[in-house]
Every structure is written in C-alpha cells, then in structure tokens.
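What follows is a set of notes on a single structure, which appears directly below.
Numbered from 1 within each chain, the chains take letters A, B, ... in sequence-line order.
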Amino acid sequence: MIEFRNVGKFYGSFRALDDVTETIARGEVVVISGPSGSGKSTLIRTINRLEPIDSGQILLFGQDIHRPGLDVDRFRSGIGFVFQQFNLFPHLSALDNCTLAPMKVRGVSEAEARERALALLDRVGLADKARSYPAQLSGGQQQRVAIARALAMEPPLMLFDEPTSALDPEMVSEVLLVIRDLAHQGQTLVCVTHEMGFAREVADRILFMDEGKILERATPEDFFDRPQHPRTQQFLSDLRSPFARNV
Amino acid sequence: MSIDLSIVLSGEFGQWLLRGFLLSIELTLVTLVLAFPLATVVALLRLSPWKALRGIGFAYVEGIRNVPLLAHLMFWYFGATQLLPEAARTWLYEHDAETICAIVALTLYTAAFMAEDVRSGIRSIPGTQLEAARALGIGYLRSMRLVVLPQAVRIIVPPLISQTLSLWKNTSIATVIGTAELMYQAQRVETATFRGVETFAVTTVAYLAVSCVITLIGVFYQRRYPVRAA
Amino acid sequence: MIDLIHNYWLYFLIGQYPDGPLGGLALTLLLGVAALGLALPLGIVLGLARTSSLRALRWPVTALVYVVRGTPLLMVIFWAYFFLPAVTGHQTSQFTTMLAALVLFNGAYLAEIVRAGIQGIPRGQSECARALGLGYWQSMRAVILPQALRNMLPSLVAQFVTTLKETSLGYIIGLSEVSFIAGQINAQVITQPVQVYTILALTYFLMCFGLSRVVRVLEKRGERSVATQ
C-alpha cells in the first residue's frame with residue numbers, strides 16, 4: 001500500500017531522512033520508534049505531504065504522491081492524521097470538529113455527518129461529550145475526539161504522530177486502547193510512538209529509526225528478544241533502565 | 001461678546017451642520033464596509049506562501065501608510081480624475097465627485113492600516129490549526145475561512161475598533177477637497193455667522209460624542225468576548 | 001516630469017526662502033522636529049500625571065487626554081487658529097498656530113506612550129530605588145524614566161513619522177509646508193496634476209518609510225538587549 005523508495009530529505013544542511021526504502025502492506029499495523037531527532041515524525045509527515053521530500057519517491061496505492069500535479073486536498077482526505085498536540089478546533093464543539101471535513105470536503109449532508117460523527121464519538125467512548133468544547137475536555141478526551149475526527153473521513157490509512165506524548169500518564173492508556181481497537185478491526189495503521197508495551201502488543205512490525213535511517217525492521221518478538229543492530233540494542237537497554245516508564 | 005448657541009443650532013445653519021454630520025457618518029460607514037474586505041485580502045496576500053504576492057501586499061501597505069491622507073485626497077481629486085476619459089469625468093462631477101474621491105482615498109488609506117491588524121490577528125493563531133485542517137483535506141482558503149479566521153476575529157476586533165475611531169476623525173480631512181462633511185459645514189457656518197466659539201464648540205461635541213460611542217462599543221466587546229488564552 | 005522637477009525643485013524644497021519665510025520640505029521637517037521636541041516633555045508630564053496616585057491630578061489629565069484623542073486634529077488646529085490670537089493678545093503666525101496644535105495633540109498621544117512605558121518597567125525597579133532612600137522624583141529621574149524612554153524609543157520614532165504626516169494639515173491654514181507648495185505648483189502648471197501629486201506622495205513615502213525602517217532596527221536592537229539581560 002505504501003512504498004518508500006530511496007526517500008531523502010534535508011532541513012538546510014541537516015539530513016532528516018537518509019535513503020529510506022520500505023513497504024507497508026494493507027491491513028498492517030506498523031510502529032515506528034527511535035530516539036528523538038531520528039526522523040520518525042518527519043517520515044510519517046511525508047506520507048500525507050505535510051513535509052516535502054528532496055529525493056526518492058513515496059508511492060501510495062502505486063501512485064507517486066509527491067508529484068507536482070496531485071490534488072493535495074483530495075489526497076489528504078483519504079488519509080487520517082492524528083497529531084501529538086491534538087489540534088482540535090477550539091471554536092467548534094467535539095461534534096462539529098468531526099462533521100466539518102465530511103460536510104465541507106465530501107459534501108455529506110449535515111444529518112448524515114452528525115449521525116456518523118456521533119457513532120464515532122461513541123466508538124471512542126465520548127458520545128456524552130459531543131456538545132462539549134475542547135477547552136472543557138481533558139487531554140485524553142481531546143485526543144480521542146481527534147481520532148474520531150480523523151476517522152470521520154473513513155480513510156483507508158490512519159497515521160498517528162506520537163499520539164500520547166503530550167498526555168499526562170494516567171490518560172495514555174485510554175487513547176492507546178482506542179488505537180488498539182482500530183488495529184484489531186483491520187485498519188491500516190502507522191504509529192510513531194515511544195510506548196513500547198503498546199508496540200509489543202499491537203504492532204505487526206516495528207521499524208527502528210536513527211539519524212534518518214531505518215536501522216531495524218522486525219516483528220515485535222524479534223525486535224524485543226533478538227535485536228540485531230547495536231543501536232537498537234542500546235535503545236532497548238536504555239528503555240529498560242529503572243527510570244524508564246514504558247517497557 | 002455673549003455666547004449664543006441657538007444661532008448655530010437652529011434654522012439654516014443648524015441644517016448645514018446636521019447635513020455635514022450625517023455625511024461624515026455616511027463616509028465612515030461606507031469606508032468601513034469597503035475597507036475591511038480589502039484589508040483582509042491584503043493581509044492574506046502578505047501571509048501567502050508566494051514571494052510575489054507577499055511583495056504586492058507589502059508594497060500596498062507601506063506605499064499607502066507612509067503618505068498622509070491629505071496627499072491621498074489631493075491625488076485622487078485633483079490628479080486621478082484628470083486621467084479619466086472625458087465621459088467618465090463628466091459623470092463623476094455630476095455625481096458628487098468630492099464624496100466619491102473622499103471614499104476612494106479613505107478606503108485605501110484605512111484598509112492599509114487595518115490589513116496590519118488583520119495580519120497580526122491571523123498570525124497569532126498557531127500554525128498547527130491550519131495544519132490540522134489541511135490534514136483533513138480541507139483546501140487552503142477554506143481552512144482559513146472555517147478554522148483560522150473565526151478564531152482570529154476575536155483578536156482582530158479591538159484594534160479594528162481603534163481604526164474606526166481614527167477613520168471617524170480622518171473624515172474631517174476630506175474638507176480640503178470640498179466634501180461637504182461636518183468640518184466643511186462648520187467652516188461655512190463660521191464664515192456666515194462669525195460665531196467661531198459656538199460653531200466649533202458644537203462641532204467638537206459632535207465629534208466627541210461619536211468617538212465616545214465607538215470607544216464604548218470597544219469596551220463592551222472586550223468585556224463580552226475577552227481574548228481566550230490558548 | 002523632468003521639466004517639472006527642473007523648474008520647481010528648489011521651491012519644493014525650501015519654499016520662498018530667502019524671499020519669504022521658509023517653506024516646502026524644509027519647513028515640514030522643521031515643524032515635525034519642533035513639534036515632537038516640544039510634545040515630548042509635555043507628554044512626559046502628562047504621562048507621569050496619568051500614573052500618579054493623586055486622583056486630583058490623574059482625573060483631569062485623563063479627561064484632557066481622552067478629549068484631545070477623540071477630536072480630529074483639524075478641529076484642534078481650528079481652535080488654535082481662531083483663539084490663540086485672542087489668548088496671547090497678538091497675531092500668531094501660521095507656523096506658531098500649527099506648532100501649538102501639534103504639540104498639544106501629540107502631547108496627549110505621547111502621554112499614553114509614556115504611561116505604558118513607565119508601567120512596563122518592573123515594579124522591583126522602583127521598590128529598589130525607594131529602598132535605597134531615593135525619593136519619588138529622584139527614582140523617576142534616575143531609574144525609571146531612563147529605562148522607560150529607552151524602551152519607548154521605537155514608539156517615539158513611530159510617533160515622529162505620524163507627526164510628519166500631520167504637518168500636511170498646515171495646508172488648510174495656508175502654512176507653506178510641502179503639501180501646500182505642491183498645491184501652488186499645481187495651480188501654476190495646471191496640466192500635470194498627476195505628476196505633481198505623485199512627486200508629493202513619493203517625497204512623503206521616502207521620508208516616512210525610511211524612518212519606519214529605523215523603527216524596525218530599533219525594535220530589533222531592543223529585543224536583543226532584553227534577551228541578554
């Protein structure tokens with residue numbers, strides 16, 4: 001479904017992505033992990049063109065998505081993106097946040113959009129908060145609304161950019177549970193995260209990145225029990241230190 | 001020398017002052033309606049990703065703001081009208097050229113200042129809001145309209161009210177090209193009655209009264225819609 | 001256009017001098033500098049009054065500032081024009097009239113800038129000065145005002161730009177500043193109004209745009225020095 005071919009990207013003279021080549025199949029749940037600055041957020045943002053690339057190709061369903069003539073908006077409406085900082089629209093209620101895109105981009109009728117939005121909010125456990133505004137919701141609740149908002153467009157692909165990194169610890173699990181349910185329902189999913197417990201339980205594959213390169217790709221068992229690359233081994237041992245909260 | 005307000009307030013002279021007052025209000029309202037959309041367009045030009053468009057916006061704002069309103073008025077009334085074809089010019093002079101030129105000058109001038117206020121308001125909305133809307137597939141202009149501008153409005157209104165106050169006072173300068181607004185009429189009345197104190201006192205009160213109303217509107221707005229801390 | 005500039009450039013720049021009083025661009029600049037120069041002390045006095053704890057001082061000054069700011073400058077000019085002679089007892093020249101009006105008008109605006117500048121200095125500064133034994137006036141003069149004025153510098157230059165534009169209103173009382181001269185030139189030449197007024201606009205633009213660039217440089221320098229504190 002997604003194919004990266006020798007993708008490279010620079011920020012000025014800093015190499016953010018270094019000759020990345022990878023394929024992600026339909027229905028796969030892929031977790032991307034690695035230390036800060038490794039390029040994992042950059043990589044996921046290139047998939048829906050929030051970041052441009054300098055070399056190589058990214059193919060979605062066989063189409064080069066960074067080519068000049070692409071209708072960017074239509075393309076993006078087929079991909080759901082969940083941000084680290086939720087980015088809900090503060091002047092709209094939770095329900096309106098979820099109905100905005102279907103109504104304005106797809107031309108869905110208000111009644112139908114609302115019905116679908118309420119069903120999605122129910123799915124993330126927030127049906128009773130439909131009329132609340134973001135300022136009235138906790139971080140975990142806001143992020144769940146953000147997930148419902150992305151799902152409202154019924155995208156074949158869902159991208160998560162460190163969805164729980166901005167949350168207080170006690171709210172992390174409520175969001176991870178929602179993402180896990182999506183994975184179990186067969187949604188194609190790419191998630192950048194530090195939550196290793198989540199990765200172990202939910203991912204089909206884990207990609208480890210450092211300095212713009214994918215250093216290791218493995219199933220969760222192989223990744224945690226038999227890491228190949230020295231950098232991966234170091235990363236995992238740092239995570240297992242007494243002060244780490246994840247593993 | 002006794003002070004007698006009635007001479008200035010009643011009869012013919014009172015009528016002149018009243019008509020001038022109403023024209024001043026009309027100039028203010030018409031200019032506001034025209035200047036705000038123009039200001040928004042210029043602000044969006046200055047914020048656009050293309051250097052050429054940003055340059056046009058910058059040139060407009062700096063070119064207009066650095067020239068006094070008096071010079072603008074003289075340019076449009078004495079200069080630009082001569083560039084028009086004969087027929088247009090005749091039509092213009094038959095249809096209150098002074099007011100039309102005043103509106104053109106005032107609109108362009110006020111829009112240049114308002115554009116900066118609109119621009120700061122839009123810039124104060126975090127870029128991530130636009131990003132989130134675009135990630136949903138909503139186009140740039142629509143994202144501006146549906147997500148960024150509604151949030152920016154609350155921040156933009158107070159400085160715009162301040163611009164309206166300046167605009168109200170600026171209408172007085174149109175007198176130099178013969179627009180028959182309040183200041184012009186006040187001069188007429190003074191020349192006819194030699195009652196400087198009364199005429200100018202009444203005129204000053206009239207300007208102050210509207211300034212007061214505009215300021216109060218601003219106070220009420222800020223009380224009712226305080227700027228939400230993000 | 002070249003002929004126009006060739007024939008009238010001197011008149012445009014200095015008016016009828018030396019056959020008459022100074023005029024044109026030179027007069028505009030002179031008036032602007034004099035007006036701001038005199039308005040600043042007035043603005044400081046009024047600004048201090050606005051921040052004073054004495055109500056008898058604060059209220060009348062606040063009222064004065066609001067009245068002046070709610071009135072068009074043109075109105076203030078007319079008041080000065082008609083009533084300065086009566087008040088001072090003798091004929092006032094157009095220059096003096098315009099100067100008086102500009103000083104009063106800008107003094108009121110500067111009062112607000114000064115007030116904001118003073119209130120922007122952290123309270124700890126004045127507390128420290130008083131703790132050292134300095135009296136109110138001493139701490140103002142030695143500690144608060146110097147810092148406030150330095151922070152206000154960009155706003156002051158911006159106000160100077162506004163003052164230069166305001167000098168154009170001298171046209172209405174026949175003061176020979178640069179806009180009036182432009183009008184005179186236009187009346188003589190008749191056939192080139194667009195060129196005359198475009199040159200006028202360009203002159204103001206170069207002056208004011210140049211000064212506002214200076215404001216930006218000052219603002220940036222101010223930000224940097226705060227960051228290193």
- line: Bottom line for A:F89: the part with an atom under 4.5 Å from chain B's heavy atoms is both
- request: Would you check, one step at a time, whether the test side-chain contact (heavy atoms from CB on, under 4.5 Å) holds for A:H91 with B:R154?
  value: CA-CA 11 Å; A:H91 60 303; B:R154 218 180 247 215; over 6 Å; no
- request: Between chain B and each of A:R149, A:R106, A:M153, count heavy-atom pairs under 4.5 Å; write down the option with the most.
  value: A:R149
task: Would you please classify the geometry between the B:Y221 ring and the B:Y225 ring as parallel, tilted or perpendicular, with 30° and 60° separating the classes?
output: tilted
statement: Most contact-rich option vs chain B, by heavy-atom pairs under 4.5 angstrom, among A:I79, A:L159, A:D71, A:L100, is A:L100
- request: Please test A:N87 against B:E131 for side chain to side chain donor-acceptor pair (under 3.5 Å), starting from the C-alpha separation and ending with a verdict.
  value: CA-CA 9 Å; A:N87 288 341; B:E131 213 175 50; 4.8 Å; no
field: A:K9 vs A:T42 side-chain heavy atoms within contact, under 4.5 Å
entry: yes
task: Please look at B:R134 and chain A and tell me whether the side chain, the backbone, both or neither of the residue comes under 4.5 angstrom of a heavy atom of that chain.
output: both
